[in-house]
Amino acid sequence: MTAVEPRFDEVIHPATRLQLVAALAAADWAEFAFLRDRLAMSDSALSKQLSALEEVGYVTTDRVLDGGRRRVRARLTAAGRTALASHLAALNALLGAAPDSAPTAN
């Protein structure tokens, strides 16, 4: 595996988006309903987050017809996987620079 350059990513840093890309990283494709339930989000909130990630090329969505019903599914793109890996590397670098113990109250 190639090492990634640690880079803080403002697009995926908000907690909701970070949870979303982490969930997508664990699967090839994920159904909209699964993501909505897993992240405890409303349809509109999830749709908005997916659109924001799709706009920058981190996510792609697909609409499939299943027994007369349209289902939406999403997947993390290669750019999205790289962005997540870089962001996590930057967060790990921050954690590595943190002191080993919490400050004590005086």
Val11 reachable from Leu94 in the ILVMFWY side-chain graph, under 4.5 Å edges: yes
Shortest non-hydrogen contact between Ile12 and Ala83, atoms and distance: CD1-O, 3.7 Å
Shortest non-hydrogen contact between Phe32 and Asp43, atoms and distance: CZ-O, 3.4 Å
Leu20/Met41 under side chain to side chain contact (heavy atoms under 4.5 Å, CB included): CA gap, chis, key distance, verdict: CA-CA 10 Å; Leu20 178 54; Met41 298 176 73; 5.8 Å; no
From CG (Asp62) to CZ (Arg70), nearest 0.5 Å: 10.5 Å
Check against side chain to side chain contact (heavy atoms under 4.5 Å, CB included), Thr16 and Leu39: CA-CA 8 Å; Thr16 302; Leu39 302 173; 5.8 Å; no
Same apolar cluster: Leu18 and Val56, side chain cutoff 4.5 Å: yes
Leu76 and Leu53: CA distance, side-chain angles, deciding distance, side chain to side chain contact (heavy atoms under 4.5 Å, CB included) verdict: CA-CA 9 Å; Leu76 208 53; Leu53 292 166; over 6 Å; no
N/O donor-acceptor pairs under 3.5 Å from side chains in residues 24-31, not counting sequence neighbours:
{"residue": "Asp28", "atom": "OD1", "partner": "Arg75", "partner atom": "NH2", "Å": "2.4"}
{"residue": "Glu31", "atom": "OE1", "partner": "Arg71", "partner atom": "NH1", "Å": "3.2"}
{"residue": "Glu31", "atom": "OE2", "partner": "Arg71", "partner atom": "NH1", "Å": "2.9"}

Donor-acceptor contact below 3.5 Å, side chain Ser86 vs main chain Arg7: no
Under 3.5 Å: donor-acceptor pair, side chain of Thr61, backbone of Arg73: no
Point-to-point distance, once rounded to the nearest 0.5 Å, from NE2 of His13 to CG of Leu91: 6.5 Å
Heavy-atom pair with the smallest gap, counting every atom of Ala79 and Gly57: CB-O, 3.8 Å
